[in-house]
Every structure is written in structure tokens, then in C-alpha cells.
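Have a look at the structure below, then the notes.
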2 protein chains.
Amino acid sequence: MAEQLPHLLRSDAQDNRDRVLDAARALFSERGLDVPMRVIAREAGVGPATLYRRFPTKQTLVDEAFIDELATCRRIVEESCADPDPWRGFASAIERLCVLNARNQGFVNAFMSANPEAEMFTEHRVSLQRQLAHLAQRAKRAGALRRDFVMDDLVLVLLAGRGLSSVLPSSREARALRFAELAIDAFRERGEGISVGQRRR
Amino acid sequence: MAEQLPHLLRSDAQDNRDRVLDAARALFSERGLDVPMRVIAREAGVGPATLYRRFPTKQTLVDEAFIDELATCRRIVEESCADPDPWRGFASAIERLCVLNARNQGFVNAFMSANPEAEMFTEHRVSLQRQLAHLAQRAKRAGALRRDFVMDDLVLVLLAGRGLSSVLPSSREARALRFAELAIDAFRERGEGISVGQRRR
DNA sequence: AACGTAACGGACGCCCCCGTCCACTTGACC
DNA sequence: GGTCAAGTGGACGGGGGCGTCCGTTACGTT
């Protein structure tokens, strides 16, 4: 996590850099991406110039700050792929991604849609999307995932999860879990009992 | 819609007021609430001062601009309550509210959470919430709505619907419909293969 | 047509945010 | 301990949004 490439930075510079990243992570997670750079700098106990020297643009800082979360994403999806039960793997991926999104306000915004020029993100995005697609296809083949499921549905749910940002931090996690539960139920293939009122040609 | 209280405003003033409201509605719907007042004024073909004279604060403008949508909300919920089929009423309310939210970017933000001091909104909110609760209870009693449903779930879905703001306007409506479909499926009581839609005891 | 007042809009001040510059400080190496 | 480049933070300029002031315009009434 802490950068330890053959210490090109002076020790105090490295300290400050780490403190800035910590502060950025905390604030981005708590309040979303539109936290002023000054606030991050003040929180980290450095001046604005120091912050800007390490991270020339706000985007750079955002990218660096969320590298860990990105790794978490990959781990979640990989563990889900490793689950022998296709449906449980699929469902647990959704649940854990929802919780992760709820915990980090800014992450989905940073990852999805937002910045098209962040090469690092797009690269990981396509990779993640491929794994998720595989996960979904496996679950569908097992007959557990609704037949009309498409990948866009997953994006829809993940994007929607962003909407519960406004709830107060205390209940945020519980909300995310409930939301995931509902989403998973929505995706579950329901038995042969065909319901009226849903098929709208 | 157009204010016609015994014309206290001069004709040109009334015209400008209407144009401002039209522009505000269009821009808020399309781009969300964080549209600069200047942009609204320019779009309406008036100066900033004129705008601020009619609507002393941005909040005032937002409130006025969304009065119609609020009425639409009420109508949707009332029509759903009037539906003899409990589940269909509940489901159609969700679907239509989702579409309405997708069509008007800023509306949910304006209505939910956002401004606690907008007395007009809060008043309507509690009233709407009561009706929705009735709708839900009726559907639950009919055995069509999942037993563990709570009102917070509905808020969750409506709030989440806000998250699909980022998709481009073209596919927005289709997304909203699909999202509503998923939400409705999530809420449907899954059970003994009973077909919902017609009252099943 | 003339007049008084409501209405208008360009210009202003204020604040917040971004990113940069520069004179001062401090860590690291001799 | 001395040296010096790397590092630091306060101050600056630019941009944009909000809300207001004031000289000018034009409605509508007589």
C-alpha cells in the first residue's frame, strides 16, 4: 500500500504523501469526490502546494486513492469466480460490491462513467466486466439466474447503488445489504409459476 | 400551471416569469439541479436580476419548477390506489415513479432528502408516503408483495433510481423501465407458484 | 401623448475552488 | 557541522457561481 519504490522521495516527502493519500481516501469515501483539494491538504496537515506537487491534478489523486478499492474489487470478483456454486458466487459478488460501493461514496463515480481518460481504470474495468460476464453466464447456465438477464442489468444495479449515498453513514451499510438482497432476488430465476402483470410485450 | 392570480404582475413580467419557469423545468430535468442560475436566465432570455426578483433564492425556483411533477406524483399514486388489483396498483406506481424520476434528473433530489426547509415538499412527502404505505399494505395483504417488505425498501429503490442519472438521455427511459421491472420482481412475493395479478385469496 | 412606476439587465462584490509561483526550511550526504 | 537540492507552505491569479445595485426601458393608465 505505502509506496516503497527505491525511495526516490525524501523521507518527509514520503510521509506527507502517505498522509495525503490517507486523508484523501477517508474524505472521498465519506463525502464523495467533490471534496476540495484544500480540505484534503488541511486534513493531511500539509499545504496545497505540497499536495499538488505529488498529485499534479485532482484526477491523479483520485486514481491513486482508489487503487486499493480497485484491488478489493478484483479480489471480490475472483473469489466469486472461485466459488463452486455458480449462483452463490454471483450473489456474493453483488452483495460485496454493493457494500463496497456504499462504504466508499466516491468510488463508483471514480470507477464507472466519470473519467474516460483514466487509462488505468478503463483497463481494469473491461477486465472486471469480463469476469462478471463469465460469472453471470455460469449462473444462467445453472438455471439460477433469470433468463432475460443482460450485463446492462448488473451495471444498472451497481449504478443505482450509488443513489443511496444520501443516507446517513450510520445506516449506510445496512441499507446496502438490504439493497443487495433485493437486487439478488430480482435476478434470481423464479420458478415455473408465471406471474401476470410482468410480461408487457 | 401558468399563475393567474388576479394579475398582480405586469404582462411582461408575467411572460418572463413563465419563460424562466419553463427554462428551469427543462434544464433541471435534463441536467439536474446544479444548473447555474445564469444559464437558466440566459435560456429564458432574461437577465439574472429579473430571475432573482421573481425567485429570491435558487430554492424558490426549484420548488416552483417542480410543483407540476409533484402533482404528477400525486396523480400516479392516486391512480394506483384506485386500481382494484392491489399488486398491479403497487407495481404500476413503482414503474411510473421510476420513469418520472428518470425523466426529471433533479426531481428526486429536490423532493427527497435535499432541502429540509422546503415546507411545501415535506408536507406532500408525508402525504405521499402515507398513500404508498397503504398501497403496500394492501398488496401485502393480498399475498402478492413479499412478506418482509418494509417502507424503507421503497425509499431505497426510489433513491437508487436516482443513480441512473449518468446514463445518456437517449436510453434513460428504457433503463428506468428495466430498473422498475427488476424492482417489481424483487418485491414480488415468490412463493408457492401462485400467479399474482388476479387476487389469490 | 405623457407620465410615473414597475420591470429590466449589465455590472458589481463576495465567496469558493483550482492550480502555480517563490522565498524560506529541512533532510541527506560529505 | 556544512552544503545544497529537495521539499514546504503562504500568497497569488484565474474562473465561476450566487445574489445585489442602479441607471435605463417600457407597460399601462390618464
Side-chain angles (χ1 to χ4, degrees), chain A residues 2-24 26-28 30-65 105-106 109-110 114-115 117-118, chain B residues 2-24 26-28 30-65 105-106 109-110 114-115 117-118:
Chain A
E3 306 295 321
Q4 73 298 49
L5 326 168
H7 297 76
L8 307 120
L9 269 58
R10 226 168 62 177
S11 65
D12 55 346
Q14 183 65 46
D15 273 7
N16 282 337
R17 190 187 137 89
D18 290 347
R19 283 213 308 280
V20 165
L21 269 180
D22 284 348
L27 287 168
F28 285 153
E30 189 59 33
R31 298 169 41 181
L33 289 185
D34 49 358
V35 177
M37 294 291 261
R38 310 311 242 251
V39 174
I40 299 173
R42 199 178 325 131
E43 192 67 16
V46 304
T50 301
L51 193 163
Y52 278 106
R53 191 170 322 101
R54 293 298 155 238
F55 307 95
T57 172
K58 188 169 186 174
Q59 190 59 52
T60 324
L61 178 57
V62 170
D63 290 357
E64 290 277 347
Q105 291 307 76
N109 287 326
N115 46 332
E117 86 289 1
Chain B
E3 306 295 320
Q4 72 297 50
L5 326 167
H7 297 77
L8 305 120
L9 267 60
R10 226 166 63 177
S11 64
D12 55 345
Q14 182 65 47
D15 273 7
N16 282 336
R17 191 187 136 90
D18 290 347
R19 283 214 307 281
V20 165
L21 270 179
D22 284 348
L27 287 167
F28 285 152
E30 188 60 31
R31 298 168 42 180
L33 290 184
D34 50 358
V35 177
M37 293 292 260
R38 310 310 241 253
V39 174
I40 299 173
R42 198 178 326 130
E43 192 69 17
V46 304
T50 300
L51 193 163
Y52 277 107
R53 192 166 323 102
R54 293 297 155 239
F55 307 95
T57 172
K58 188 169 185 174
Q59 191 58 54
T60 325
L61 177 58
V62 171
D63 291 357
E64 290 276 347
Q105 291 307 78
N109 287 326
N115 45 334
E117 86 289 3

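- Here the side chain of Lys58(A) pairs a donor or acceptor atom with the backbone of Val35(A) at under 3.5 angstrom.
- The distance between atom CG of Leu51(B) and atom P of dG17(D), rounded to the nearest whole Å, is 14 Å.
- Shown are Asp18(B), Asn16(B), Asp12(B); of these, the side-chain hydrogen bond (donor to acceptor under 3.5 Å, both in side chains) with Gln14(B) is made only by Asp18(B).
- Checking the phosphate oxygens (OP1, OP2) of dA26(D), no side-chain nitrogen or oxygen of Arg10(B) falls inside 4.0 Å.
- The side chain of Arg54(A) places an N or O atom within less than 4.0 Å of a non-bridging phosphate oxygen (OP1 or OP2) of dG7(D).
- Side chains of Thr60(A) and Asp63(A) form no contact here, defined as non-hydrogen atoms less than 4.5 Å apart.
- For Asn16(A) and dG7(D), the shortest distance from a side-chain N or O to OP1 or OP2 is not below 4.0 Å.
- Look at CG on Leu9(B): it is 18 Å from P on dA26(D), rounded to the nearest Å.
- Here the closest heavy-atom approach between residue Gly45(A) and residue Arg19(A) is recorded as O-NH2, 4.0 Å.
- Contact annotation: the side chain of Val20(A) never approaches that of Arg17(A) to less than 4.5 Å [non-hydrogen atoms, C-beta and beyond].
- The base of dG19(D) sits with one of its N or O atoms less than 3.5 Å from a complementary donor or acceptor on the side chain of Arg38(B).
- Residue Arg42(A) is classed as having no contact, given no heavy-atom separation below 4.0 Å to the nucleic acid.
- We find that CZ of Arg17(A) is positioned 17 Å from C1' of dT8(D), with the value rounded to whole Å.
- Among the candidates Asp22(A), Leu51(A), Leu21(A), the single residue satisfying the side chain to side chain contact (heavy atoms under 4.5 Å, CB included) test with Ile40(A) is Leu51(A).
- Dashed line: the shortest gap from a side-chain N or O of Lys58(B) to OP1 or OP2 of dC18(D) is under 4.0 Å.
- In terms of position on DNA chain C, the residue among Met37(A) and Pro48(B) whose nearest nucleotide sits closer to the 5' end is Pro48(B).
- Both Asp12(B) and Tyr52(B) lie near DNA chain D, and the one whose nearest nucleotide falls closer to the 5' end is Tyr52(B).
- Proximity of Ser11(B) to the phosphate of dG28(D): a side-chain N or O atom is located under 4.0 Å from OP1 or OP2.
- Extent of DNA chain C lying under 4.0 Å from chain B heavy atoms, first and last nucleotide in 5' to 3' order, is dA6(C) to dC12(C).
- The shortest heavy-atom contact between Phe28(A) and Leu33(A) is CE2-O, 3.7 Å.
- Ranking dC21(D), dG17(D), dG9(D) by closeness to the Ala49(B) side chain, first place goes to dC21(D).
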